[in-house]
Amino acid sequence: MWGSSQMPIVTHRHNGKLEPLGVDKAREDFADDTSVASSSQLQRRQPRRLPAASQQAQYARRLEIEAIEAKKRFTRELLQQHHTLLENHAKEVNEVAGGGGASGDDAPTRTNHDSEKTVASHQGDGNKTVSESEMVHRSRKKKKKKKRKKERQIRTKQRKVPLTVDTSKAKSNVEVLRICLNELGWFWKEHCTNRRVPCDLYWHAVSFYDNYKLPPGKVNKFPGLQELVRKAQLSKLLHQMQQLFPTEYEFYPKTWLLPEQFHQFCADVEVMHQKKPNHTPIFIVKPDCGSQGDGIYLINDPHKLSSIGLVRPAIVQEYVSKPLLLERTKFDLRVYVLVASIEPLQVYICREGMARFCTMKYQEPTTQNLHQVYMHLTNYSLNKRSEDFVHANSGDRGSKRTMTSAFASLANRGHDTLQLWEDIEELVIKTITAILPDLKVAWQAELTVNKIGPTCFQILGFDIIVTNQMKPILLEVNSSPSLRLDFDHEISPGVYEIIPSPVDEQIKIPLIKDVLRLIKPGPIGRRHSLGRPRSAASSTSSYMSDSDVTTPEPMSEDEEDPLHDSCLVEIWPRKFGKRYEELRIIERVARLYGIFLGVRGAIRMGATAFRTFSRRCKLGKGSLSMASIDIMYIDVTRRWNIDLPEGTAGGMVFGAFLEAFFLIARKKARGDTLLEKVSRLVDHCECNLNEGVLAIPNKGGRKLRRPEMGHYKFRRLGPLDS
C-alpha cells in the first residue's frame, strides 16, 4: 500500500492531458534554452555547437519517463484518497446501522465486504491495477464467448440452407423419399425438373447414368452395378469365385449361359440321367435382361427350350424342387442391403424384409404342373394378377408379409431362424465380395482419383429362397428394388385403382429413413460434423484399405447416432471383415489390371498393355513364352467380345483378364489348388513390379505413382516356381 504521509501532486492540463506541474516546467525550460541559444546565434552570427542527436534523444526519453512516473504517483494518490473516503463512509453507515438495531458485529462486516467489492469493481472498470492472472482469465472468457457465438451463427446459417434433392429420375420412388424427408424434420428443397442444377442428393430409380456429368453430391447408384448384377454377369462372377472357393459358394444353383453353353448344358443333363436314371431333373430358364418374372418358364428337357435361351440371351439353372413351405405354400425372401461405400467397403443389412408367397399350394414339379407359374414362381409381379392374391392390412397375413412375421412362424414350428439369418448375412457378404472387383474397375474408370464427382451408395434387393434343410439359396440380386408404397387394383378391364399398402409402408419407410440418417447428405452431414474431426471413411484416399480406416470418435450426447434404434446393421467390416478377408484376393488382381490399363478412365486393356504386363511381371519365361501369351490374349478376348455390336472398340475387359490370369496361374505357378496358384502368381507379379520386393499394405510407406497400389512395406520373395 501507498504511504499516507505522501503529499498530493499539484497538476494542470496540457494539450488535453492531466500532467504534474514539474513536467510542464521542464518542458518550458527546455524551450527557453533553445530559444535563447537561437537568439544568441543570430546576434553574434557565430555558429554554436548543438548537443548531439543521441544526447537529445536520451534527454527526451528521461523527461518522458519522469512524466510517466509522475502519472503513476498521481493515480495512486487518487485511489488512496478514494479508498479513505469509502472507509469513512463505511464507518458512518455502521454507526447508523448500529443505532437502528442491527448487531454491531454483522453490519460492519457486511459493509466492509461491500466496500471491497466496490473498490474491486472500480479497479476493474478503470483498468488500472488489474492483476495479470485476472487479465488472462478475462481474455480466455472473451475468446470462448466469441467462439460459441460463431458456432451459433454457423448452425443458424446451416439451418437456413436447405438440403437440395434431385428427384427428376426418381419415378415411383419419389413418394417414399418425400415422406421420409418430412418425417426426419429436415429442411429440404426438391428439384424435379431436368435442369442441371447442382444438388446435395440425387435419387435415381434405375441407373447411375440417368443424369449426365453429375456434380459433387450423393447419388443412390454406383456406376456399372446395374450391369454387374444381371443374371448372366452375376453367374459369371459367382462362377469365378466358385473356382477359387468351392465350399464357400455353394449357395448359388448350377447355371449355364445360353445360347453359348447350350451344348455343354445338354451334355451335363445326359450325365445326370446316367447317374440317376429314375430321376428327372427340372430346370428354370430366365431371360438375362428380364424383370418382374417376365419370360421365366420351367423345362425338364434341354430340347424344349424356346426362343428365350436359343435366340435371346438367358440363363438356365437347376430348379430348387424341395423348398421350405409355410402354410403349404412356397415363398421367398426379399432382403434389403445397403452398400454405403466401396472404398473402404461398408455394407449394412436391414433387419426387416419381405416374404412373398405363391398363390397356389405347392406340389413337386411334374410334367403336368410345370406350366403353373402361380405355384412355382414367387415373383410378386406375377402373383398379384392371380385372383387368389390377398392384400392384407397386417404384416403377418396375406400373400405379401414382413420377413420378421415369417421368421416368427418358422420359429413356432421349431426351425432355427437365428442360424438361418446368420447364413443369409454370410450369403450377402460373399455375393458382394464377388461383385466388388469388377465394381471397383467400373467405379475408378468413371470417377477417377483427381476428378471431382459424386459420392455413391446403393440399396440392393437380394431374392433368397430357403430349402427344406434350412439352407438359403440365392436367386438373383436386384439393383433397383421397388420402393412403392401402394399397389394397383384392377376394378374393371383396363381400369386400375391405386391402394396404399400397409406392409410396404411398414418395411420401406424405416429403411429409407435410416439410409438417409446414415449417409447424411449435404448440409445435414456438415451440421453433424461441426466441431468434430472427419472420419477416416470420408477424408482418406479412395484407395485406402479397410484395415487403414479408424473407428470414428463417439458422438456427444447432443448428437444423433445414425445407428441408434436403426433397422440397419453393419455386417462389413464390423462383423465379417476379418473372417472373410481372404475372399478378396481377386481385388489384388483388379489392382494389377488397373495399373496397365494405360489411359485413366479406360475399361479395356489392349494387346500392347497385356504384353507390357507380362514382360514387367516376367511371365514370358520358362514354359510360357511371349508368343503363347499373345495367342492367349487373342483367344480369350475373342471369346469375351463375341456378343459386342459392330463398331465397338475391342480389348480385354477385366473378366477376360481374370480368365487369362487363371490360365497363366495353372501353367506357371505351383500349388495343390487353384487358389494357391493364383495367390502365388499375384505375389510374384507384385514382387516383380516392385523390383524384387513384395508390396504389402502399410500406412507408413511412400505413395507410388499410381494410387491403386496403395502404401506399402516390402519383403523379399523367392522365384515363382520354387
Side-chain angles (χ1 to χ4, degrees), residues 222 225 229 237-238 241 244-245 247-252 333-354 403-404 406-407 410-411 415-437 439-440 456-464 466 470-474 477 481 507 510-511 513-520 535-538 540 544-555 561-587 697:
F222 279 102
L225 186 54
V229 297
L237 298 178
L238 293 175
M241 297 299 290
L244 297 177
F245 307 96
T247 59
E248 297 289 346
Y249 284 83
E250 294 179 345
F251 57 83
Y252 195 66
L333 303 174
R334 166 63 63 87
V335 180
Y336 296 96
V337 176
L338 170 66
V339 182
S341 170
I342 61 173
E343 285 288 358
L345 180 61
Q346 292 180 341
V347 183
Y348 299 82
I349 191 170
C350 184
R351 291 190 181 98
E352 187 61 279
M354 188 178 298
M403 185 174 63
T404 53
F407 273 44
L410 293 175
H415 296 289
D416 188 358
T417 55
L418 294 179
Q419 183 60 43
L420 175 61
W421 183 246
E422 183 82 8
D423 295 340
I424 289 175
E425 290 179 338
E426 293 180 358
L427 180 151
V428 168
I429 288 299
K430 293 174 184 177
T431 304
I432 293 179
T433 305
I435 298 172
L436 192 59
L439 180 59
K440 283 187 175 182
C456 302
F457 67 97
Q458 188 157 350
I459 300 174
L460 301 175
F462 281 70
D463 293 342
I464 298 171
V466 184
M470 295 295 289
K471 178 183 178 182
I473 300 295
L474 177 65
V477 180
I507 297 171
L511 169 65
K513 285 174 61 176
D514 290 339
V515 168
L516 293 174
R517 288 170 55 198
L518 184 66
I519 64 172
K520 295 186 179 68
S535 63
S538 60
T540 55
M544 178 171 286
S545 63
D546 296 342
S547 59
D548 296 333
V549 180
T550 57
T551 303
E553 297 181 0
M555 294 186 172
D561 183 4
L563 293 181
H564 174 67
D565 194 22
S566 172
C567 66
L568 296 175
V569 180
E570 182 180 349
I571 57 176
W572 188 284
R574 178 173 297 180
K575 188 171 183 179
F576 297 106
K578 295 182 179 179
R579 188 188 306 180
Y580 292 119
E581 185 65 30
E582 62 175 4
L583 299 180
R584 304 182 66 180
I585 186 174
I586 296 185
E587 293 182 47

For [X], give me all partners under ring-ring contact (aromatic ring centres under 6.0 Å, His included), at least two apart in sequence or on another chain.
X      : result
Tyr580 : Phe576
Tyr252 : none
Phe457 : none
Phe407 : none

Between the side chain of Gln346 and the main-chain N/O of Ala340, is any donor-acceptor distance below 3.5 Å?
no
Would a distance-only check, ignoring hydrogens and angles, find a side-chain to backbone donor-acceptor pair under 3.5 Å from Asp514 to Cys567?
yes
Kindly compute the distance separating [atom1] ([X]) from [atom2] ([Y]), expressed to the nearest 0.5 Å.
X      : Y      : atom1 : atom2 : value
Leu338 : Leu568 : CG    : CG    : 6.0 Å
Leu333 : Leu420 : CG    : CG    : 7.0 Å
Leu474 : Thr431 : CG    : OG1   : 5.0 Å
Leu225 : Ile342 : CG    : CD1   : 9.0 Å
Arg574 : Tyr348 : CZ    : OH    : 7.0 Å
Lys430 : Glu248 : NZ    : CD    : 4.0 Å

Within the 4.5 Å heavy-atom criterion, are Val477 and Val337 side-chain neighbours or not?
no
Test of understanding: with side-chain hydrogen bond (donor to acceptor under 3.5 Å, both in side chains), list the residues that count as partners of Lys575, not counting sequence neighbours.
Glu422, Glu425
Output all residues satisfying side-chain hydrogen bond (donor to acceptor under 3.5 Å, both in side chains) with Asp463, sequence neighbours left out; order by chain, then residue number.
Arg334, Arg356
Should Tyr336 and Glu352 be marked as a side-chain contact (heavy atoms from CB on, under 4.5 Å) after you check the CA-CA gap, both sets of side-chain angles, and the distance that decides it?
CA-CA 8 Å; Tyr336 296 96; Glu352 187 61 279; over 6 Å; no
Smallest separation among heavy atoms of [X] and [Y], with atom names:
X      : Y      : value
Ile459 : Pro481 : O-CD, 3.5 Å
Asp423 : Pro472 : CB-CG, 3.7 Å
Tyr249 : Leu583 : OH-CD1, 4.1 Å

Please enumerate all residues that pass salt bridge (Lys or Arg N to Asp or Glu O under 4.0 Å) together with [X], with sequence neighbours excluded.
X      : result
Glu582 : none
Arg351 : none
Lys513 : Glu183
Glu250 : none

Going through the distances and angles, do Glu587 and Lys440 end up as a side-chain contact (heavy atoms from CB on, under 4.5 Å)?
CA-CA 8 Å; Glu587 293 182 47; Lys440 283 187 175 182; 2.7 Å; yes
From the list Ile507, Val335, Ile424, side-chain contact (heavy atoms from CB on, under 4.5 Å) with Met403 holds only for Val335
With side-chain contact (heavy atoms from CB on, under 4.5 Å) as the test, would you mind laying out the steps for Leu410 and Val466 before giving the verdict?
CA-CA 11 Å; Leu410 293 175; Val466 184; over 6 Å; no
As a quick check of understanding, evaluate side-chain contact (heavy atoms from CB on, under 4.5 Å) for Phe462 and Ile349, giving each step before the final call.
CA-CA 10 Å; Phe462 281 70; Ile349 191 170; over 6 Å; no
